[in-house]
There are 2 protein chains.
Amino acid sequence: MLMSLRFDGVLSATELSAVANIAPSTASEHLAKLMASGLVARQKSGRHRLYSLTDGDVCDLVDGLAALAERHAAIASARSSFPQALLHSRLCLDHLGGRLGYLTTNALFARNLLHHSATGPEITQEGAAWLNDLGIDANAHLDNVRCPLRLCHDWSEKAYHLGGGIAAAILSAFRQRDWIRVKRGEIVIFLTPKGVTALRAELGLDIRQSGDEVRT
Amino acid sequence: MLMSLRFDGVLSATELSAVANIAPSTASEHLAKLMASGLVARQKSGRHRLYSLTDGDVCDLVDGLAALAERHAAIASARSSFPQALLHSRLCLDHLGGRLGYLTTNALFARNLLHHSATGPEITQEGAAWLNDLGIDANAHLDNVRCPLRLCHDWSEKAYHLGGGIAAAILSAFRQRDWIRVKRGEIVIFLTPKGVTALRAELGLDIRQSGDEVRT
DNA sequence: ACGAAACTTCGCTAAACACCGAAGTATGCC
DNA sequence: GGCATACTTCGGTGTTTAGCGAAGTTTCGT
């Protein structure tokens with residue numbers, strides 16, 4: 001949740017619960033603790049409660065923790081062979097990360113479904129149509145408090161993948177179609193055979209299956 | 001434990017368990033976890049295992065957490081009236097902090113039991129005698145891995161009090177003589193009437209009793 | 001005015017955790 | 001060699017915690 005706030009700046013309680021994959025009531029309890037300890041600030045906006053990191057000091061702290069965590073993950077992956085799956089495809093907060101996240105993002109730009117603008121990635125007309133086929137209404141995300149689309153640093157690829165509300169929606173759509181599966185509480189993504197085929201057809205991705213079988 | 005390592009640089013497992021007020025076996029478990037997460041490094045030295053923070057990044061992180069914790073404590077104390085006792089006298093890791101720590105330190109310098117040197121505070125001949133009366137052998141601490149004596153920043157007094165192994169020994173001596181009492185698990189120090197008298201006689205301190213009665 | 005949505009508080013449960021003492025492994029000292 | 005010291009591992013225990021759903025509060029839309 002703190003990482004999400006660091007990236008997106010301001011998020012509502014419900015959005016944060018989705019990011020953390022926990023019930024709204026649980027998120028509310030955690031946020032109350034974070035408030036009490038002075039790490040996050042709250043601001044009312046209609047029936048929403050918008051949370052953000054209190055100030056730059058907290059941002060620095062989160063950055064520091066993230067940097068150490070990344071370094072630790074990198075060292076761990078260098079030591080054991082298991083995290084191959086982690087490098088292949090994993091969750092980054094609530095969207096695609098690892099090689100799969102990177103390749104998907106690249107493909108979206110290459111096929112002109114996204115283009116770079118001064119303020120970050122933007123959706124083209126073709127892109128909006130593609131998202132619509134996935135059941136995602138891009139315009140709905142523009143009104144959202146949460147940043148709809150941004151670039152998120154990928155530590156293993158040393159490049160960027162998509163983050164923000166739309167990236168999270170894309171992840172959901174992939175899961176709904178059973179292109180990918182994720183074990184509850186874990187971040188390794190299992191790419192199904194169906195997913196391999198679909199991603200080749202949709203985006204021309206040449207990516208192999210990986211990770212252990214996951215029963216849903 | 002991380003704070004102690006930040007200040008003292010290198011500490012043995014037993015010293016760290018004393019700092020944290022837990023059994024050596026428990027400390028060992030915690031240190032194993034800190035090792036596994038890459039926050040501390042271990043180095044063998046005879047039958048000792050010396051722990052230290054892995055690098056500057058971890059130091060920065062600890063500093064950042066400490067700064068936030070201090071700010072939070074300051075805000076909390078400004079809001080409620082309870083922490084008066086906290087400002088009066090409290091534990092700072094394993095030595096005296098708050099007004100009591102500050103006044104004690106000042107008195108030791110004023111009475112020429114300590115003097116300032118280029119490398120930090122040093123014990124004078126009279127100081128060694130005074131410590132001896134308390135049952136503390138200053139020379140024994142000089143051979144210790146732990147920094148014997150240093151200045152430690154006091155957030156509430158915005159000044160310095162004594163830290164290090166000898167400061168910890170002084171705290172123990174005060175407790176043994178029942179000049180002060182500390183509830184297990186808490187950091188507020190209760191100054192006994194006996195302590196008020198003794199500190200006036202020993203160091204000329206004009207400090208009042210404070211905190212709630214503590215049964216030992 | 002009514003229902004839906006956003007959020008929090010409460011009661012409860014299952015899992016995780018800190019903690020300790022006892023037992024086991026090194027290492028140093030006589 | 002024998003014994004003390006420094007430390008870790010293991011088994012067991014009591015407390016804390018995260019988590020959820022149900023119920024309550026405020027706000028928005030109609």
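Proteins come first, then strands; the chains are lettered A, B, ... in the order of their sequence lines, and each starts at number 1. These figures come from a predicted structure and were not determined experimentally.
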Can you give one letter per nucleotide of nucleotides 11-16 of chain D, going 5' to 3': B for a protein heavy atom under 4.0 Å from the base, S for sugar-phosphate only, - for none? B-----

For [X] and [N], give me the distance from atom [atom1] to atom [atom2], rounded to whole Å.
X	N	atom1	atom2	value
A/Glu15	C/dA5	CD	C1'	14 Å
A/Ile22	C/dT8	CD1	P	12 Å
A/Arg49	D/dC28	CZ	C1'	14 Å
A/His30	D/dC20	NE2	P	9 Å
A/Leu31	C/dT9	CG	P	11 Å
B/Asn21	C/dA18	CG	C1'	14 Å
A/Leu16	C/dT8	CG	C1'	15 Å
B/His48	D/dA4	NE2	P	17 Å

Just so I know, are the side chains of [X] and [Y] near enough to count as touching, which here means a heavy-atom distance under 4.5 Å?
X	Y	value
A/Arg6	A/Leu53	yes
B/Leu162	B/Leu114	yes
A/Ile180	A/Leu171	yes
B/Asp60	A/Asp60	no

Please output the side-chain donor-acceptor pairs of residues 30-44 of chain B that fall under 3.5 Å, not counting sequence neighbours, one pair per line with the distance.
residue, atom, partner, partner atom, Å
B/Ser37, OG, B/Lys33, O, 3.1
B/Ser37, OG, B/Leu34, O, 3.2
B/Arg42, NH1, B/Tyr51, OH, 3.2

Please check the phosphate of [N] (OP1 and OP2 only) for any side-chain N or O of [X] closer than 4.0 Å.
X	N	answer
B/Lys33	C/dC17	no
B/Thr26	C/dC19	no
B/Tyr51	D/dT8	yes
A/Arg42	C/dA6	no

Please determine whether side-chain hydrogen bond (donor to acceptor under 3.5 Å, both in side chains) holds for the pair A/Glu29 and A/Thr26, giving the CA-CA distance in whole Å, both sets of side-chain angles, and the decisive distance to 0.1 Å. CA-CA 5 Å; A/Glu29 284 169 354; A/Thr26 309; 5.1 Å; no

Can you pull every protein N or O that's under 3.5 Å from an N or O on nucleotides 27-30 of chain C?
residue, atom, partner, partner atom, Å
C/dT27, OP1, B/Lys44, NZ, 2.8

A/Asp57: salt bridge (Lys or Arg N to Asp or Glu O under 4.0 Å) partners, not counting sequence neighbours: B/Arg71

Who are the salt bridge (Lys or Arg N to Asp or Glu O under 4.0 Å) partners of A/Arg49, not counting sequence neighbours? none

Pairing residues for A/Trp179 by the ring pair (Phe, Tyr, Trp, His ring centres under 6.0 Å) criterion, not counting sequence neighbours: A/Phe174

